[in-house]
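Below is one structure, written out as structure tokens; comments come after it.
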Amino acid sequence: MRETELDTPARPDVATALRWARARVAGMDARILLRHVLQCQAAWLAAHPEAQLDPSDWAEYRLLIERREAGEPIAYLVGEREFYGFGFLVTPAVLIPRPETELLVELALAHFAARRSVRVLDLGTGSGALAIALAKELAGADVTAVDRSREALLVAMANAARLHASVSFVQSDWFGALEGERFELIVANPPYVASDDPHLAEGDVRFEPPTALASGPEGLDDLAEIVAAAPPHLEPGGWLFLEHGYNQAARVRGLLTDAGFASIASWKDLAGTERVSGGQWLGRHG
Ligand code: GLN
């Protein structure tokens with residue numbers, strides 16, 4: 001097929017390539033993907049509208065733009081997403097780290113920054129974002145991270161190596177492989193979307209692992225399982241912090257109350273939504 005039949009300029013400059021892309025995807029996505037292909041900074045792109053693209057760069061760019069147009073998330077297309085100031089590798093085997101999850105890191109730091117040593121567990125670590133951010137930011141943290149998915153653990157291990165974070169990774173379905181182990185802090189961003197939520201069939205989340213997103217008819221199945229199973233894995237005085245959906249805070253506080261937690265509270269994300277709930281285990285192990 002000749003190029004013209006594909007309706008694309010033969011060998012465009014930066015300005016022409018961006019104009020072609022902006023007719024298909026958002027302007028910011030067009031620029032991010034062109035920076036990715038050309039391996040350049042935003043300032044270089046802005047200063048060189050007349051720079052010619054190599055045929056191979058142009059072919060790669062067109063492919064990425066068409067994949068983005070079909071809905072693939074930018075983070076998967078460029079293979080990376082920033083979380084808590086660190087660059088994480090991401091693949092379709094893991095949920096793309098989201099800014100609201102930084103609240104879990106902030107709460108952990110607020111409660112434990114003064115401790116000389118703290119055993120931390122991240123349940124369902126995915127890309128490793130939470131576990132690695134905590135290992136980097138919390139002095140004295142001894143971090144274990146589990147995931148049921150081997151593919152996710154491979155991504156998380158690559159991130160820990162790349163970011164020089166010391167984290168122990170274990171393949172485990174929630175607490176399944178952690179018999180007898182206790183922690184001062186347990187964090188989780190489990191799946192919490194209702195399985196029939198139309199949101200799952202729209203936009204970028206269609207490309208993310210369903211097992212990282214959906215959790216039963218009300219989205220509460222995994223949250224309930226984690227809360228019920230956590231107490232024997234918490235040291236007396238230890239904390240459990242869970243991310244949840246925008247309308248689940250009261251239900252999660254109820255689960256924590258039923259399981260015997262104290263100091264139960266919910267915290268708001270930057271959008272003002274109650275996004276994390278947690279409680280303290282005071283040590284009535286039985
Ligand atoms: N907040 C995510 C979303 O709505 C869901 C993340 C999760 O289930 N842990 O896409």
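Just so it is clear, the structure is predicted and the values come from calculations on it, not from any experiment. Counting convention: from 1, in listed order, for ligands and their atoms alike. Residues take their numbers from the sequence shown, with the count starting at 1.
At under 3.5 Å, not a single nitrogen or oxygen of Arg275, backbone or side chain, sits near a nitrogen or oxygen of ligand 1.
Considering only heavy atoms from C-beta on, Leu53 comes within 4.5 Å of Leu34 through its side chain. Two residues are said to be in side-chain contact when any heavy atoms from C-beta on lie closer than 4.5 Å; Arg62 and Trp20 meet this criterion. Side-chain contact between Trp267 and Glu106 is absent, with no heavy atoms from C-beta onward closer than 4.5 Å. Annotation: side chain of Leu33 is in contact with side chain of Ile74 (closest heavy-atom distance under 4.5 Å).
The part of His199 lying near ligand 1 is the side chain, judged by heavy-atom distances below 4.0 Å. Contact annotation for Ala212 and ligand 1: only backbone heavy atoms (N, CA, C, O) come within less than 4.0 Å of the ligand.
Within the 4.0 Å heavy-atom cutoff, Pro190 counts among the residues contacting ligand 1.
Atom 10 (O) of ligand 1 has its closest protein heavy atom at Arg98 NH2, 3.0 Å. From the protein, the heavy atom lying nearest to atom 1 (N) of ligand 1 is Tyr192 OH, 2.9 Å.
A salt bridge is absent between Arg98 and Glu243; no separation between the charged side-chain nitrogens and carboxylate oxygens falls under 4.0 Å.
Interface atoms of ligand 1 facing Pro191, defined by a heavy-atom separation under 4.0 Å, are 8 (O).
Stacking of Arg119 on the aromatic ring of Phe183 is recorded, both the 6.0 Å distance cut-off and the 45° axial limit being met.
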